[in-house]
Amino acid sequence: MRNKLIKAVFLGLVLSVYHTDVQAQSVDNKKKMEWFKNAKLGIFIHWGIYSVNGISESWSFFNNYINHENYMKQLTGFSASDYKPGQWAELIKESGAKYAVITTKHHDGVSLWNSKAEKAITISGHSAAGKDVLTPFISSLKNSRLKTGLYFSLPDWSHPYYDINTRTKKRYELRNEPERWQNFITYYQTQLKELSSQYHPDLLWFDGDWEHTSEEWKSSGTLDILKQYNPDIIINSRLNNHGDYDTPEQGIPVVAPSNPYWELCYTINDSWGYQPHDNHYKTPNMIVRTLTDVISMGGNLLLDIGPKADGTIPQKQVEILKNLGRWVSKNKQAVYETDRGIPFENYKGKSALSNSKKTLFLYLEEAKSITKVYGLATKPSSAKIIGDSKTIVGIDYKDKTLTLRFPNVKFDQDVTVVELTFDEPPVFLKDFETEKYRLSDLLDQKDSQLAIYNLTSTLHNGNNLFINSGLTHDGLNMKLPKTSQTNPETLQWISRHAEALFDTEKGLPEGHYAGMSAISKDRQTLYLFVEGEPTGPIALKGIKNGIARIRVAGEGTLLNYDLYNKLYWSDRPGIIYIDIPKERLDKNMTVIAVLLDKPLELYREKIGAIESNL
């Protein structure tokens, strides 16, 4: 008993593995970060003159895809003629977001507000709109009781006092013209004073710090200026590490960041600003599942939208935000004021804990009959489906394993949330013995679905029950141990999926796939075990390899897949979404074979801010 108690680790300790600098944070810092950590969802808005031609913001002239003069001609087309900031704020609130971050000025130097800083280019003074478009939106945010975040570019590639103009052109060297550089520092700090005094932001979202050192930016002085206006101002990590939280970009982390405060900034299609020909939208289902992925790792999702030059938001983006709001409204308690979930060893899926740690939320991305939580030393006092109070969830708790059954559940179109409540914070075993089975017992089990679940779970954990069992690689002429009690349905499933069971090894580690898996001995084929009926395409993260082909194991159907957020200039893998036709699903367990171009390579590096955009 004593050994078990030693192994038992309260979840708060298990999940609090942070850097020493984070551990040393003051109580005051934790207090100011409380609203941010509890918010979970924010909306990012990239709006500027780049929406006129529908080209990439600032980078298009920096990379010489268009010259600076022609890029700036977009000022004459930026009308904001149908701009309704109140409707923007209403939509953001409807999405379930608790805060918004808007680009007050991107790298092109065009300010959305009426800046009085020296040689500033403004929408009110230089564009067809002829008015300050930032102030009414900030007012609408505050009236809607949403937190205010302001994006601000440190570089200004249009300003004559800035040293860099394009990738191939510089105006001057800092060491040769220190006074000119100081004039730029005065310019950008003046703009920050304007934003702080006029709008009293809760959060400042910096960008572009990579172009100069902290000393050159005079970052410490800038932070001091901001704190004069708001001592509790929250800063992202892009002020040369002076920030309060990490900002990974585009790539959904595989490994949860160690910082307790982090935010994934993520596009709704492939572009930050409005680009009419970018129709590579994530589906509403993908966006909801991305939110639960981020929540399960203890972070926030900052989802980006790009309004048009006239101020309207594309209908596709509106639909995605409204569906997000539908799901968040239904599952509020499993979104706000939550903390990162339990380890993958304990639950093969996404999860989160309430701040009190007395409630565990399981996010189901499929309609299925059963799921299991392992190494649980505390029995829950109740289990229910959020939004479906009439359904009774079956609970079977035995040997530190919790089996949940879902009869007659009305599953959500995106993610169904199971709420497990405990009288005290549950104890999870950090090192626990996995369930032990004999192959013969599983073959004789009456419930074929449960037997197959246990088979695949055991295989995922690295214990292949089929070694020297009589199984053949093709499932023919098997000599498995059969009795009069052997379940023919289980036997048939094994025969059909023999390639995924014969000589395969331990599955993927946490973060790559929200389910069980196995890997071929040559490590060139991934076998993904798909439970029930997925609500959308299954997702695979952090695979460095190229994909040769994907098929349904046991029957050969080739499957389509799509790749999102793979930036051609970055070594970070994108996220792979695999569509499975419903008619190809196996009622017990579907197996998807992913053939790779070479032995498996996994990306498990820390994902930080992107510092280039060729």
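Remember, it's a predicted structure, so these values are computed and weren't measured experimentally. The residues of the chain are indexed from 1 along the displayed sequence.
- Nearest heavy-atom pair, V328 versus G96, reported as atom, atom and distance to 0.1 Å: CG1-CA, 4.0 Å.
- In terms of the salt bridge (charged side-chain N to carboxylate O under 4.0 Å, His left out) criterion, K506 has no residue partners (sequence neighbours excluded).
- A cation-pi arrangement is not found for K30 relative to Y261, the charged atom failing to lie both closer than 6.0 Å to the ring centre and inside a 45° cone about the ring normal.
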- [ ] Before giving the answer on ring-ring contact (aromatic ring centres under 6.0 Å, His included), spell out for W88 and W47 the whole-Å C-alpha distance, their side-chain angles and the decisive distance to 0.1 Å.
- [x] CA-CA 12 Å; W88 282 22; W47 195 36; 4.9 Å; yes
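- Side-chain contact between L303 and F44: absent, with no pair of heavy atoms (C-beta onward) separated by less than 4.5 Å.
- The shortest side-chain heavy-atom distance between I370 and L404 does not fall under the 4.5 Å cut-off.
- Taking the centre and axis of the six-membered ring of Y453, the NZ or CZ atom of K372 falls outside the cone set by 45° and 6.0 Å.
- Of the possible donor and acceptor atoms, one in the side chain of N461 sits under 3.5 Å from a partner among the backbone N and O of S457.
- Residues L540 and L526 meet the side-chain proximity criterion, which asks for heavy atoms closer than 4.5 Å.
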Task: From CA spacing to verdict: side chain to side chain donor-acceptor pair (under 3.5 Å), T267, Q250 - done: CA-CA 7 Å; T267 54; Q250 293 289 46; 3.0 Å; yes
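- The cationic group of K348 lies under 6.0 Å from the six-membered ring centre of F344 and within 45° of the ring axis, placing it in a cation-pi geometry.
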TODO: Could you walk me through whether N355 and N38 pass the side chain to side chain donor-acceptor pair (under 3.5 Å) test, one step at a time?
DONE: CA-CA 9 Å; N355 281 346; N38 289 336; 3.1 Å; yes
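- Residue E505 qualifies as enclosed at atom CD: its count of foreign heavy atoms under 6.0 Å is above 12.
- Side-chain N or O atoms of T535 include one that pairs as donor or acceptor with a backbone N or O of D414 at under 3.5 Å.
- Contact check for E366 versus V530: no side-chain heavy atoms found under the 4.5 Å cut-off.
- Using a 4.0 Å cut-off between a side-chain N of Lys or Arg and a carboxylate O of Asp or Glu, K582 and E533 qualify as a salt bridge.
- Cation-pi geometry between K98 and W35 is not met: the NZ or CZ atom fails to fall both under 6.0 Å from the ring centre and inside 45° of the normal.
- From N331, atom CG reaches atom CD of Q333 across 7.0 Å, with rounding to the nearest 0.5 Å.
- Dense packing is recorded around CG of L563, with more than 12 heavy atoms of other residues, nucleotides or ligands lying under 6.0 Å away.
- Of the possible donor and acceptor atoms, one in the side chain of D244 sits under 3.5 Å from a partner among the backbone N and O of I235.
- The pair K544-E605 meets the salt-bridge criterion, with a side-chain N (NZ, NE, NH1 or NH2) lying under 4.0 Å from an Asp/Glu carboxylate O.
- The line from CD of E345 to OG1 of T434 is 11.5 Å long, rounded to the nearest 0.5 Å.
- Ring geometry for F432 against Y374 counts as parallel: the plane angle stays under 30°, on a 0 to 90° scale with 60° as the upper cut.
- Side-chain contact check for I45 versus T103: every heavy-atom pair is 4.5 Å or farther apart.
- Across A377 and Y397, no two heavy atoms sit closer than the pair C-OH, 3.3 Å.
- The existence of a salt bridge linking R326 and D412 is confirmed by a sub-4.0 Å separation between a basic side-chain nitrogen and an acidic carboxylate oxygen.
- With hydrogens and angles disregarded, a donor-acceptor distance shorter than 3.5 Å links the side chain of D388 to the backbone of K410.
- Contact between E365 and V415 at its shortest, heavy atoms only, is CG-CG2, 4.3 Å.
- A salt bridge links E249 to R238: one of the charged nitrogens lies within less than 4.0 Å of a carboxylate oxygen.
- Residue N408 qualifies as open at atom CG: its count of foreign heavy atoms under 6.0 Å is 12 or below.
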Open item on the list: For a side chain to side chain donor-acceptor pair (under 3.5 Å) check, start with the C-alpha distance between S448 and N588, then their side-chain angles and the critical distance, and finish with the verdict.
Closed with: CA-CA 7 Å; S448 60; N588 288 305; 3.2 Å; yes
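- A distance-only check finds no donor-acceptor pair linking the side chain of Y347 to the backbone of G341 [under 3.5 Å].
- When atom types are taken as modelled, the side chain of Q449 and the backbone of K587 share a donor-acceptor pair closer than 3.5 angstrom.
- To the nearest 0.5 Å, the span separating OG on S219 from CG on N240 amounts to 4.0 Å.
- When side chains are defined from C-beta on, I519 does not count as touching Y527, because their heavy atoms never get closer than 4.5 Å.
- S517 contributes a side-chain N or O that, together with a main-chain N or O of L508, makes up a donor-acceptor pair within less than 3.5 Å.
- The main-chain N or O of A334 is found under 3.5 Å from a side-chain atom of Y363 such that the two form a donor-acceptor pair.
- Other residues, nucleotides and ligands place more than 12 heavy atoms under 6.0 Å from the NZ atom of K142.
- Ion pair K541/D293 flagged as a salt bridge, since at least one NZ, NE, NH1 or NH2 atom sits closer than 4.0 Å to an Asp/Glu carboxylate oxygen.
- Taking 4.5 Å as the limit, some side-chain heavy atom of L585 sits within range of a side-chain heavy atom of P534.
- Between D562 and K282, none of the side-chain N atoms (NZ, or NE/NH1/NH2) sits under 4.0 Å from a carboxylate O, so this pair counts as no salt bridge.
- The side-chain heavy atoms of I233 and P201, taken from C-beta on, include a pair separated by under 4.5 Å.
- Within a 6.0 Å sphere centred on NZ of K332, other residues, nucleotides and ligands contribute 12 heavy atoms or fewer.
- A donor-acceptor contact shorter than 3.5 Å is absent between the side chain of D304 and the backbone of Y266.
- Taking the six-membered ring where tryptophan is involved, the planes of W205 and Y151 are essentially parallel, since the angle between them stays under 30° and well short of 60°.
- Between N259 and R340, the shortest heavy-atom distance links the atoms O-NH2, 3.9 Å.
- Checking side-chain atoms of S351 against main-chain N and O of I342 turns up a donor-acceptor pair under 3.5 Å.
- Rounded to the nearest 0.5 Å, atoms OG1 (T458) and OH (Y437) are 6.0 Å apart.
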